[in-house]
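These notes concern the structure reproduced below.
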Amino acid sequence: MSQLLLVNIKSLQGIDESGKLLKKGSEMQEWETISNAWLLTQNGCIANYGEMINLPQAYQGLPQHDCDGALVLPSFIDSHTHIVFAASREEEFVMRIKGKSYEEIAAAGGGILNSAAKLQNMSEDDLFEEAFFRLRKLMSWGTGAIEIKSGYGLTVADELKMLRVIKRLKAAVSIPVKATFLGAHAFPLAYKQNRRGYLDLIINEMLPQIAAEGLADYMDVFCDQGFFTPEETSELLIAAKQYGLKPKIHGNELGYTGGVQTAVKHNALSVDHLEYTGDAEIEALLNSNTMPVALPGCSFFLGIPYAPLRKMIDAGLPVCLASDYNPGSTPNGRMGFVLSLACTQMKLTPEEAMNAVTINAAYALELSHEFGSITKGKRANLVITKKVNSLAYLPYSFGEDLIENVLVDGKIIFPTQSF
Ligand code: NIG
Ligand code: FE
């Protein structure tokens, strides 16, 4: 039996024994803590916790880690990333500085198509090595479960290549990795005048092969202006459902384009981006099980509006935050920075922001029965911070690396052991 006792925790954060699988509206402010605490992990799970003054005598001989004034939190869960890519795109960043918009660059064959051209020329092994490096970096920054999308292949062979890389990543790390098929990320140049042809390719060629090899957990579509229409998205989601792939949608990043309503109609697990969310979208989400996911790093980097999360929480919705790490719109996956943006730009309290990157993010990946809170029996994927005074210091001190150690399945894997 493997056991580790964390002692002298300044504050154990994010305790929840209510059994809730997500938090919505005013519940998002609920964030239980114990000061001067201990926590016992056993066989990869959280076995018990309490106050130092009540530490059972029987635990005192167990292997211990002294947290010495640090906070202990549930790991961050990043429910939306594109970390398999071939190259950075800083030339587009400079084009935007000089006045071009994200959509103009995409329409001229840049953007996603630029990334696809580069990925098509890179081997599976090289893609794996680079993505593995990024994944380890994210883990060292406290990400304890992650979703990774395809979508820079855009041919049958290259979408399969990306998904095989994600499958290898799943096997290479001990944190949960969910794979999402995003062949409907953009229409390839060869299909610009033949949209029907690309939809058929996804439905008749890509989906059956992906299902046969068991390469994806979810199906995503970029349902937005200049990309896939709600009708095209619906057709693709219905086809994917026949292969057991639940929807997770990119929607309402570029306009009020029906992405949210389409996601809700198909009972999507989540709808992500939401920079353009009005009353009609909020109403649709209130009557659904679909988790709204905001990606503030994208708003920061592209200079587009932030999703109106304050309004959404006040209307009673749950919200989730994710990084969207990708080479075009968000070349960074640090969840600590996502927390800072949520607090400074979207006016979430630190507690609301933490719930958005833990329990609600776990819900968006169907992991909240096992991850996302300090709960007896849940997996011990935890973050030990550096010495800080309070939870609010984490988003307040933006850009600073405040993580001292990371635990996966009750083992300290960063920085003392290799992954
Ligand atoms: O989530 N918006 C669509 N897809 C990605 C960006 C893709 C890219 O520009 O490479 C996103 O922001
Ligand atoms: Fe994305």
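FYI, side chains are in, hydrogens and waters are out, and symmetry mates aren't considered; it's all heavy atoms of this structure. Whatever order the structure lists ligands and atoms in, that order sets their numbers, starting from 1. Model, not experiment: these values are computed from the prediction.
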Extract all N/O-N/O pairs under 3.5 Å that connect ligand 1 to the protein, and present each with both atom names and the distance rounded to 0.1 Å.
| unit_1 | atom_1 | unit_2 | atom_2 | d |
| --- | --- | --- | --- | --- |
| ligand 1 | 1 (O) | His82 | NE2 | 3.4 |
| ligand 1 | 1 (O) | His250 | NE2 | 3.0 |
| ligand 1 | 1 (O) | His273 | NE2 | 2.8 |
| ligand 1 | 1 (O) | Asp324 | OD1 | 2.9 |
| ligand 1 | 1 (O) | Asp324 | OD2 | 2.9 |
| ligand 1 | 2 (N) | Glu253 | OE1 | 2.6 |
| ligand 1 | 4 (N) | His185 | NE2 | 2.8 |
| ligand 1 | 9 (O) | Arg89 | NH2 | 2.8 |
| ligand 1 | 9 (O) | Tyr102 | OH | 2.5 |
| ligand 1 | 10 (O) | Arg89 | NH1 | 2.8 |
| ligand 1 | 10 (O) | Arg89 | NH2 | 3.2 |
| ligand 1 | 10 (O) | Tyr152 | OH | 2.6 |
| ligand 1 | 12 (O) | His273 | NE2 | 3.4 |
| ligand 1 | 12 (O) | Asp324 | OD2 | 2.8 |
| ligand 1 | 12 (O) | Ser329 | OG | 2.5 |

Margin query: Could you check whether any side-chain N or O of Asp324 sits under 3.5 Å from a backbone N or O of Thr330, counting only pairs where one atom can act as donor and the other as acceptor?
Written below: no

Check: Does the Lys178 side chain pair with the main chain of Glu366, one donor and one acceptor, at a distance under 3.5 Å?
Finding: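 Checking the backbone N and O of Glu366 against the side chain of Lys178, no donor-acceptor pair under 3.5 Å is found.
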
From the Fe ion (ligand 2) out to just under 2.8 Å, does an N/O/S atom of [X] turn up?
X: Asp272; result: no
X: His273; result: no
X: Cys298; result: no

Notebook entry, point to check: Angle subtended at the Fe ion (ligand 2) by NE2 of His82 and NE2 of His80, to 10 degrees?
Noted result: 100°

Can you check whether [X] and [Y] have ring centres sitting under 6.0 Å from each other?
X: Phe132; Y: Phe128; answer: yes
X: His82; Y: Tyr325; answer: no
X: Phe222; Y: Phe228; answer: no
X: Phe337; Y: Phe300; answer: yes

Margin query: So, of the N/O/S atoms that Asp324 has, which is the nearest one to the Fe ion (ligand 2)?
Written below: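 Restricting Asp324 to its N, O and S atoms, the minimum distance to the Fe ion (ligand 2) goes to OD1.
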
Next item on the list: Return the set of residues passing side chain to side chain contact (heavy atoms under 4.5 Å, CB included) with Glu370 (not counting sequence neighbours), or none when no residue passes.
Entry: Arg379

Note to self: Students often mix this up, so state it plainly: with edges at 30° and 60°, are the rings of Tyr198 and Tyr191 parallel, tilted or perpendicular?
What the structure shows: tilted

